[in-house]
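Report on the structure given below.
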Amino acid sequence: MTPRWPPRVSFALALAAVGTSTYLTIAHFTSPDVLACSANGTIDCAKVTTSAESEFLGMPVAVLGLVWAVAMAALCSPPAWRSSVGWVRAARIVLASAGILFVLWLVYAELFIIHAICLWCTAMHVLAFALFVTVLLFGSSDR
């Protein structure tokens, strides 16, 4: 039986990811100057969010993150956790796994290609990791 906290925690994490990715998407389409983040040295949000790696297959990574976060919010809502439809649980696990794989690529890009770290991106990475762990540990257990 699934404990009571995973649906609530995963939904809160997903909503936080929606907020963070919305902020990054707004910054992408307006100006990276709106990001409340250092622009000096290793911590440089503007350098990361305007790099070639800030797009994937022609799509802004921020938009992809927003789409992912909205989908995760739907799949991590308490009613979705209670759903008896098998594909909902499977989709939650697959999407969380895809998210963490993309995060691994993005962290690699920040550290070894761009040589800068975006704190807002890191917040999104931490949220994706926490969602992945929660979903992986509790997403396939019985209701």
Determine, step by step, whether Leu119 and Leu35 satisfy the side chain to side chain contact (heavy atoms under 4.5 Å, CB included) criterion, reporting the C-alpha distance in whole Å, the side-chain angles of both residues, the deciding distance to 0.1 Å, and the verdict. CA-CA 10 Å; Leu119 294 179; Leu35 290 170; over 6 Å; no
Distance from Leu131 atom CG to Leu136 atom CG, nearest 0.5 Å? 12.0 Å
Would you mind reporting whether Ile117 and Asp44 have side-chain heavy atoms less than 4.5 Å apart? no
Cys121 to Cys118 - nearest heavy-atom pair and separation: SG-SG, 3.0 Å
The reported gap from CG in Leu127 to OG in Ser10 (rounded to nearest 0.5 angstrom) is 12.0 Å
Nearest 0.5 Å, what's the CZ-CZ distance between Arg92 and Phe132? 14.0 Å
Closest non-hydrogen atoms of His115 and Lys47, given as atom of the first, atom of the second and distance, are O-NZ, 4.1 Å
To the nearest 0.5 Å, tell me how far Glu110 CD sits from Thr122 OG1. 5.0 Å
Taking all non-hydrogen atoms of both residues into account, name the closest pair between Leu106 and Glu53 and its distance. CD2-O, 4.4 Å
Side chains of Leu75 and Arg89: closer than 4.5 Å at any heavy-atom pair? no
Side-chain heavy atoms under 4.5 angstrom apart, residues restricted to Ile, Leu, Val, Met, Phe, Trp, Tyr: same cluster for Leu104 and Val135? no
Tell me whether Val61 shares a hydrophobic cluster with Val103, the cluster being built from Ile, Leu, Val, Met, Phe, Trp, Tyr side chains joined at under 4.5 Å. yes
Quick one: do Ile93 and Leu137 end up in the same hydrophobic cluster if we chain Ile, Leu, Val, Met, Phe, Trp and Tyr together by side-chain heavy atoms under 4.5 Å apart? yes
Can you confirm if the aromatic rings of Trp81 and Phe11 lie within a centre distance of less than 6.0 Å? no
Answer with yes or no whether the hydrophobic clustering places Val88 together with Met72; edges join I, L, V, M, F, W, Y residues whose side-chain heavy atoms lie under 4.5 Å apart. yes
Does Phe129 have more than 12 heavy atoms from other residues, nucleotides or ligands lying within 6.0 Å of its CZ? no
Any heavy-atom pair between the side chains of His125 and Val107 that's under 4.5 Å? yes
Flag, side chain of Thr20 to backbone of Ala17, donor-acceptor distance under 3.5 Å: no
Main-chain N/O of Leu95 paired with Trp68 side-chain donor or acceptor, under 3.5 Å: yes
How about Trp87: does its CH2 atom have over 12 heavy atoms from other parts shown lying under 6.0 Å from it? no
Answer yes or no: is there a side-chain heavy-atom contact under 4.5 Å between Trp120 and Thr49? no
Got a second to check how far Leu64's CG is from Glu55's CD, nearest 0.5 Å? 9.5 Å
Do Tyr23 and Met59 sit in one hydrophobic cluster, given that two such residues count as connected whenever their side-chain heavy atoms are within less than 4.5 Å of each other, even indirectly? no
For Ala69 and Met124, the nearest pair of non-hydrogen atoms, with its separation, is CB-CE, 4.1 Å
Check for a donor-acceptor pair, side chain of Ser77 on one end and backbone N or O of Ala74 on the other, with a separation under 3.5 Å. yes
Atom of Leu15, atom of Ala73 and distance for their closest heavy-atom approach: CD2-CB, 4.2 Å
Any idea which heavy atoms bring Val48 and Ser54 closest together, and the distance? O-CB, 3.7 Å
